[in-house]
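Start at 1 and go down the list; that is how both ligands and their atoms are numbered.
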Amino acid sequence: MIKRAYMIAHHIQRGMEGILSPKSTGKLIAETSKDVKINANKTKQVATLMYECVKKSTYSIKSWKEHELNPKSMNIDAIDWIFLADTLNFSFWSMDDDKKFVVNYGGKQHSGYWSWCAAINRALDEGIPMTDPKFYANVSKEQFAKIMRSDSKYDIPLLDERLRILHESGKILLEKYDGSFANCIGKCDRSAQNLVKLVVTDFPSYQDVAEYNGRKVAFYKRAQILVADIWSCFEGQGYGEFHDIHKITMFADYRIPQALVHFKVLEYSDELMEFLKKDNLMKFGDKYELEIRGCSIWATELIKDETRKLLDSDPATKDALMNSILIDHFLWDYRRDHAEEMNDIPFHKIRCIYY
Ligand SMILES: Nc1nc2c(c(CN[C@H]3C=C[C@H](O)[C@@H]3O)cn2[C@@H]2O[C@H](COP(=O)(O)O)[C@@H](O)[C@H]2O)c(=O)[nH]1
């Protein structure tokens, strides 16, 4: 057991030299950021909101399965569903809010991230083995286009990239992990960090890394949300049991920053706000982008620390679970549920496969 753990750590470490972890990335960027600032007082307000949710049990690890499109079971099928969902969990935004990819499913119209989940479930209902890597490692362009058919006039962005990544990820899963992500989990000795490192080492589309002031920095948004979704689905048990799950940071996407600006936790410079309001496209690795993503990670860490203090000060909640995953999911769901209020807050627009 020890030898194997050492071998894994050594194998993984080899590939990760000199890359800052997401938490260290967030700290570094927050300390030097010019156009994005964190308002420590406002982090206390969001922490109070989280504390209230825990007290009223309106937000917990169980919230993940309450989403109608997420798997309800805690089995291998759910793991393979989650791996597929998070492998293509990126870039759903459209320049015009009324020109977006939409999938009708379960009597509802789904857009954004949920449109992708709806497409998966629609395919499964049609008898297509969508979550089986033996299927998607070789799915044809035509069949994938049919699976991803839109119920609006607009296709999902980066359709060709998505097909390429499906083929790439499916082949790796078949060749190295006997066709199921459950086998990747089995190799990580219940360590979330080991699993993140395995994913970003073996699955190239997850290598969400950039350079900031000469340092290699990692956000690992999709790798971390993959581990977090497994943890959430299994409620921290069985395949979802990770002794170091608290080391996972928030997932640096383009939506949480909107929520953090809404709560005034993040403050953008006039120049940045001007740039965003003009719907200018950013490129992956731009300074503005790194400052938004890095400060979002660090702001969420500060919110987590403040929430922990409040929970510890109350006998009724001192043993309550709290981590950056729960805060992230709360903020993400809050943003979707209060989209109207946040429409005036621009999000950074970037076409990439990392988030
Ligand atoms: N930080 C963070 N980013 C998240 C998620 C999720 C889905 N998780 C949900 C599912 C069950 C859980 O309870 C979560 O509520 C998707 N995304 C990202 O958002 C963007 C899509 O946004 P929109 O265009 O509005 O659909 C895109 O970058 C996508 O990668 C999350 O949880 N956290």
Side-chain angles (χ1 to χ4, degrees), residues 22 26 53 58-72 78 81-82 84-97 99-103 109-121 154 156-158 162 165 205-206 208 219-235 240 248-260 262 266 282 284 289 292-293 295-297 299-301 303-304 323-343 345-355:
C53 284
T58 54
Y59 213 87
S60 78
I61 193 169
K62 296 183 186 300
S63 306
W64 190 90
K65 279 208 284 294
E66 284 158 18
H67 287 280
E68 61 181 288
L69 298 180
N70 281 344
K72 303 291 174 282
W81 188 98
I82 289 167
L84 173 71
D86 283 327
T87 294
L88 298 189
N89 182 1
F90 57 82
S91 213
F92 301 105
W93 62 268
S94 56
M95 202 48 99
D96 301 313
D97 219 24
K99 294 182 179 173
K100 51 189 172 186
F101 172 66
V102 158
V103 172
Q109 192 177 80
H110 299 279
S111 63
Y113 168 74
W114 293 120
S115 63
W116 163 227
C117 297
I120 295 173
N121 293 348
Y154 310 99
I156 192 167
L158 300 176
R162 293 179 200 271
I165 290 169
S205 79
Y206 281 85
D208 179 3
F219 296 93
Y220 294 155
K221 184 260 173 197
R222 290 203 285 111
Q224 291 200 103
I225 202 170
L226 170 55
V227 175
D229 284 348
I230 299 282
W231 175 75
S232 304
C233 178
F234 285 78
E235 298 177 19
I248 296 289
T249 71
M250 70 72 79
F251 321 117
D253 71 329
Y254 53 85
R255 292 298 187 196
I256 300 289
Q258 265 183 303
L260 292 172
H262 168 78
L266 288 189
M282 288 188 191
F284 185 75
E289 184 220 12
I292 291 171
R293 297 184 83 196
C295 289
S296 297
I297 287 179
T300 305
E301 291 303 302
I303 291 168
K304 177 187 67 178
N323 57 35
S324 295
I325 298 169
L326 292 175
I327 294 173
D328 175 286
H329 281 168
F330 171 79
L331 289 171
W332 196 85
D333 290 340
Y334 187 97
R335 207 286 318 171
R336 286 236 32 161
D337 298 340
H338 300 78
E340 292 308 307
E341 287 171 59
M342 296 194 203
N343 265 340
I345 299 170
F347 60 90
H348 65 286
K349 293 182 177 63
I350 192 163
R351 277 293 172 230
C352 73
I353 63 168
Y354 300 105
Y355 61 97

Using heavy atoms and a strict 4.0 Å limit, residues surrounding ligand 1 turn out to be Trp64, His67, Asn70, Asn89, Phe92, Gly112, Tyr113, Trp114, Lys221, Ile225, Phe251, Asp253, Tyr254, Arg255, Ile256, Asp328, His329, Trp332, Asp333, Arg335, Arg336, Tyr355

Output for pair (Leu88 CG, Trp116 CH2), nearest 0.5 Å, gives 4.5 Å

Residue set satisfying ring pair (Phe, Tyr, Trp, His ring centres under 6.0 Å) with Phe284, at least two apart, ordered chain then number -> Tyr354

Just by distance, do the side chain of Asn323 and the backbone of Leu326 share a donor-acceptor pair under 3.5 Å? yes

### Message
Does Lys72 have more than 12 heavy atoms from other residues, nucleotides or ligands lying within 6.0 Å of its NZ?
### Response
yes

With sequence neighbours left out, the residues meeting side-chain contact (heavy atoms from CB on, under 4.5 Å) with Arg351 are Ser91, Trp93, Pro157, Leu158

Contacts of Cys117 meeting side-chain contact (heavy atoms from CB on, under 4.5 Å) (sequence neighbours excluded), chain-then-number -> Leu69, Trp81, Tyr113, Trp114

